[in-house]
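Encoded as structure tokens, the structure appears first; notes follow it.
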Amino acid sequence: QVQLVESGGGLVQAGGSLRLSCAASGRLFSGYVMGWFRQAPGKEREFVAAISWSGGNTYYADSVKGRFTISRDNAKDTVYLQMNSLKPEDTAVYYCAAYPRRMDSQLRVLPRDYDYWGQGTQVTVSS
């Protein structure tokens with residue numbers, strides 16, 4: 001079992017920045033691929049970004065590419081999502097998720113591929 005706890009959400013004006021953190025516990029953190037998803041009211045949960053177990057490989061949704069950066073610190077069992085140039089359409093509950101690393105290097109983007117989830121943190125961007 002892996003327990004995930006997000007923090008860092010809040011209210012920010014358009015154009016501003018926020019950094020989300022996700023602290024993991026329970027199993028060897030470096031054994032997991034980590035991802036961020038978000039869900040706005042009335043919408044399905046959508047992929048935001050993912051990072052390999054080593055941090056050497058990342059992948060982003062087109063909607064956040066160039067504005068968001070995912071990173072991890074395996075010594076601190078934490079994954080981060082730096083969000084810059086925020087837009088009102090980025091408003092959502094943001095979730096941290098994990099799955100055990102696999103033999104292939106492809107980073108998964110579907111929620112069903114992730115085994116563990118945090119409780120979410122609200123991000124609200126005002127116009």
Side-chain angles (χ1 to χ4, degrees):
Q1 287 284 344
V2 175
Q3 292 79 42
L4 303 172
V5 179
E6 303 96 334
S7 61
L11 174 64
V12 64
Q13 288 188 333
S17 298
L18 281 175
R19 188 175 84 153
L20 305 183
S21 299
C22 173
S25 62
R27 290 286 183 93
L28 183 61
F29 182 66
S30 61
Y32 289 82
V33 172
M34 302 300 297
W36 285 97
F37 290 76
R38 66 187 182 186
Q39 188 166 17
K43 295 189 177 181
E44 293 188 353
R45 191 167 298 190
E46 66 172 359
F47 171 78
V48 174
I51 188 166
S52 62
W53 67 272
S54 67
N57 187 24
T58 58
Y59 186 72
Y60 297 91
D62 288 343
S63 59
V64 306
K65 201 172 296 182
R67 300 188 298 122
F68 291 10
T69 302
I70 188 171
S71 61
R72 66 189 295 162
D73 186 340
N74 286 345
K76 295 183 178 179
D77 294 350
T78 302
V79 63
Y80 305 96
L81 185 69
Q82 177 66 45
M83 305 185 294
N84 298 329
S85 302
L86 282 161
K87 305 175 182 180
E89 51 263 44
D90 293 318
T91 295
V93 177
Y94 282 71
Y95 297 91
C96 171
Y99 65 86
R101 61 177 172 165
R102 297 185 172 90
M103 294 297 292
D104 65 274
S105 61
Q106 183 179 7
L107 298 176
R108 270 55 172 182
V109 301
L110 296 176
R112 65 170 183 254
D113 291 323
Y114 287 74
D115 297 326
Y116 303 100
W117 292 84
Q119 82 289 347
T121 185
Q122 177 70 47
V123 172
T124 302
V125 184
S126 64
S127 57

Would you list the atom pairs, donor with acceptor, under 3.5 Å between side chains in residues 11-24 and any protein atom, with sequence neighbours excluded?
from	atom 1	to	atom 2	distance (Å)
Ser17	OG	Asn84	OD1	2.9

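Between Ser7 and Thr121 the shortest side-chain heavy-atom distance does not fall below 4.5 Å. Between Val48 and Met83, every side-chain heavy-atom pair lies at or beyond the 4.5 Å cut-off. Looking at heavy atoms from C-beta onward, Gln39 lies out of side-chain contact with Pro111 at the 4.5 angstrom threshold. By the 4.5 Å heavy-atom criterion applied to side chains, Leu4 and Met34 are counted as neighbours.
Side chain of Thr91 to main chain of Val125: a donor-acceptor pair is present (N/O by atom type, distance under 3.5 Å, no hydrogens or angles). Under the 3.5 Å distance criterion, the side-chain polar atoms of Glu6 are matched with a main-chain donor or acceptor of Gln119.
Taking all atoms of both residues into account, the shortest heavy-atom contact from Ile70 to Ile51 is CD1-CG2, 3.7 Å. Contact between Ala49 and Leu81 at its shortest, heavy atoms only, is CB-CD1, 4.3 Å. Taking all atoms of both residues into account, the shortest heavy-atom contact from Val79 to Cys96 is CG1-SG, 3.8 Å.
Within a 6.0 Å radius of CZ in Arg101, other residues, nucleotides and ligands contribute more than 12 heavy atoms. Under a cut-off of 6.0 angstrom, the local environment of NZ in Lys65 is crowded, with over 12 non-hydrogen atoms contributed by other residues, nucleotides or ligands.
Under a hydrophobic clustering in which Ile, Leu, Val, Met, Phe, Trp and Tyr are joined whenever their side-chain heavy atoms come within less than 4.5 Å, directly or via other members, Trp36 and Leu107 fall into different clusters.
Counting only residues at least two apart or in different chains, side-chain hydrogen bond (donor to acceptor under 3.5 Å, both in side chains) contacts with residues 66-81 comprise Arg67-Asp90, Arg72-Asn74. Applying the ring pair (Phe, Tyr, Trp, His ring centres under 6.0 Å) test to every pair with at least one member in residues 38-79, sequence neighbours left out, gives these pairs: Phe37-Phe47, Phe47-Tyr59. Listed by first then second residue, pairs satisfying side-chain hydrogen bond (donor to acceptor under 3.5 Å, both in side chains) with a partner in residues 105-116 read Asp104-Arg108, not counting sequence neighbours. Applying the disulfide (SG to SG under 2.5 Å) test to residues at least two apart or on different chains, none of the pairs has a partner in residues 56-85.
Residues passing the side-chain contact (heavy atoms from CB on, under 4.5 Å) test with Gln3, sequence neighbours excluded: Gln1, Ser25.
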